[in-house]
There are 2 protein chains.
Amino acid sequence: MDRLSLTFSALADPTRRAILARLSSGPASVNDLAAPFSMSLPAVSKHLKVLERAQLIARGKEAQWRPCEIKAAPLKEATDWMEQYRQFWEERFDRLEDYLKELQTQEKPAPVKSATKRKKHGSNK
Amino acid sequence: MDRLSLTFSALADPTRRAILARLSSGPASVNDLAAPFSMSLPAVSKHLKVLERAQLIARGKEAQWRPCEIKAAPLKEATDWMEQYRQFWEERFDRLEDYLKELQTQEKPAPVKSATKRKKHGSNK
DNA sequence: AATGTAATTAACCAACTAGTTAAATACAAA
DNA sequence: TTTGTATTTAACTAGTTGGTTAATTACATT
């Protein structure tokens with residue numbers, strides 16, 4: 001599985017996103033991480049394995065604890081990928097582009113219909 | 001399923017990401033979209049349904065064609081979510097954190113001026 | 001050595017995913 | 001009306017996912 005797919009599928013689960021959120025304020029043990037959830041410890045352990053495989057977390061070894069730490073490098077790749085679509089969710093861009101295009105082709109503000117209306121009402125800028 | 005999970009799981013597939021890439025240069029029919037892939041048409045149709053459910057594409061109706069158009073609004077939410085982790089993949093922050101930690105352990109009274117020691121780029125491991 | 005705590009592994013299950021082929025639907029053109 | 005083209009639906013399958021409980025491993029403490 002490619003890295004991007006690995007990253008996105010790891011993020012496609014609210015439990016795992018919550019775990020990352022928790023880890024963003026510092027390392028934690030598996031028990032700590034499991035506490036807020038109603039699911040069993042093995043279930044959380046599996047989620048951690050998914051996050052580890054996606055390299056979104058790293059795990060240590062301290063006595064019987066396996067402390068988890070966030071390691072969000074893959075998120076850079078993911079945001080970089082998304083960045084290429086920014087134009088599609090920022091309408092500002094579309095509007096600006098349209099506006100610039102309009103300026104370029106029309107040279108003058110010549111909105112025919114509204115110009116007629118304006119003339120009728122005798123008001124000018 | 002929550003919107004963020006829906007978005008990430010839709011993106012967690014290379015075929016679907018390729019379809020989005022194709023659509024970012026303009027609308028296309030299902031056949032057009034399917035052409036680059038070795039899989040069957042129904043398979044592509046299913047991928048499109050996933051993208052549609054995630055609201056990453058919208059579909060029209062023109063005669064017997066169902067043209068697809070990119071509609072990347074959910075990506076905004078996704079990047080916004082990721083943004084909160086930027087600190088973890090930008091080493092700038094790590095440096096700052098190290099610096100703050102250093103301050104804390106040294107118990108020195110706020111040497112604000114030494115902030116100039118901070119480097120923006122380059123590595124000194 | 002025995003006990004308790006942290007975490008993982010094993011075995012199982014239901015639901016979902018990504019693909020298949022074959023059949024059905026919808027429309028255009030002849 | 002028949003035929004061709006675009007697309008979806010249906011039925012099926014293999015593999016994955018997200019969860020469970022029970023057993024096991026690993027380590028610390030008593």
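Residue numbers start from 1 in every chain, and the chains themselves are labelled A, B, ... in the order their sequence lines are given, proteins ahead of strands.
Regarding contacts with the backbone of C:dA6, every side-chain N or O of A:Arg59 stays at 4.0 angstrom or more from both OP1 and OP2. For the OP1/OP2 pair of C:dT8 and a distance below 4.0 Å, the side-chain nitrogens and oxygens of A:Ser45 include at least one atom meeting the criterion. Contact annotation: A:Asn31 does not reach the phosphate of C:dT5 (side-chain N/O to OP1 or OP2, under 4.0 Å).
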5' to 3', nucleotides 21-30 of chain D under a 4.0 Å protein heavy-atom cut-off (B base, S sugar-phosphate only, - none) gives BB----BS--

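At a threshold of 4.0 Å, the pair A:Asp13-A:Arg17 does not count as salt-bridged, since none of the basic side-chain nitrogens sits closer than that to a carboxylate oxygen. Taking the charged nitrogens against the carboxylate oxygens, A:Lys49 and A:Glu52 have no contact shorter than 4.0 Å, which rules out a salt bridge.
In this structure, the CD atom of B:Glu62 is 13 Å from the P atom of C:dC27, given to the nearest Å. Atom CG of B:Leu51 and atom P of D:dT8 are 12 Å apart (whole Å). With rounding to whole Å, A:Lys49 atom NZ is found 15 Å from D:dG19 atom P. Summarising the geometry, the separation between CG on B:Leu33 and P on D:dT7 is reported as 9 Å, rounded to the nearest angstrom.
Atom CZ of A:Arg3 has more than 12 heavy atoms from other residues, nucleotides or ligands within 6.0 Å.
In this structure a side-chain-to-backbone donor-acceptor pair under 3.5 Å is present from B:Tyr85 to A:Ala21. Using a distance-only test at 3.5 Å, with no hydrogens or angles considered, a donor-acceptor pair links the side chain of A:Arg16 to the main chain of A:Ala10. Formation of a donor-acceptor pair under 3.5 Å by the A:Arg22 side chain with backbone atoms of A:Ala28 is not found in this model.
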Between N or O atoms, less than 3.5 Å apart, protein on one side and nucleotides 11-18 of chain D on the other: list the pairs.
| residue | atom | partner | partner atom | Å |
| --- | --- | --- | --- | --- |
| D:dG18 | OP1 | A:Arg16 | NH2 | 3.3 |
| D:dG18 | OP2 | A:Arg16 | NH1 | 3.0 |

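In terms of position along DNA chain D, the nucleotide closest to B:Leu48 lies nearer the 5' end than the nucleotide closest to the other residue of the pair B:Leu48 and A:Thr15.
For the atom pair SG of A:Cys68 and CG of A:Leu56, the computed distance is 12.0 Å after rounding to the nearest 0.5 Å.
Results of the side chain to side chain contact (heavy atoms under 4.5 Å, CB included) test with A:Arg86 over A:Gln84, A:Glu90, A:Met82 single out A:Glu90 as the only residue that passes.
Relative orientation of the A:Phe8 and A:Trp81 rings is perpendicular, given thresholds of 30° and 60° on the angle between their planes.
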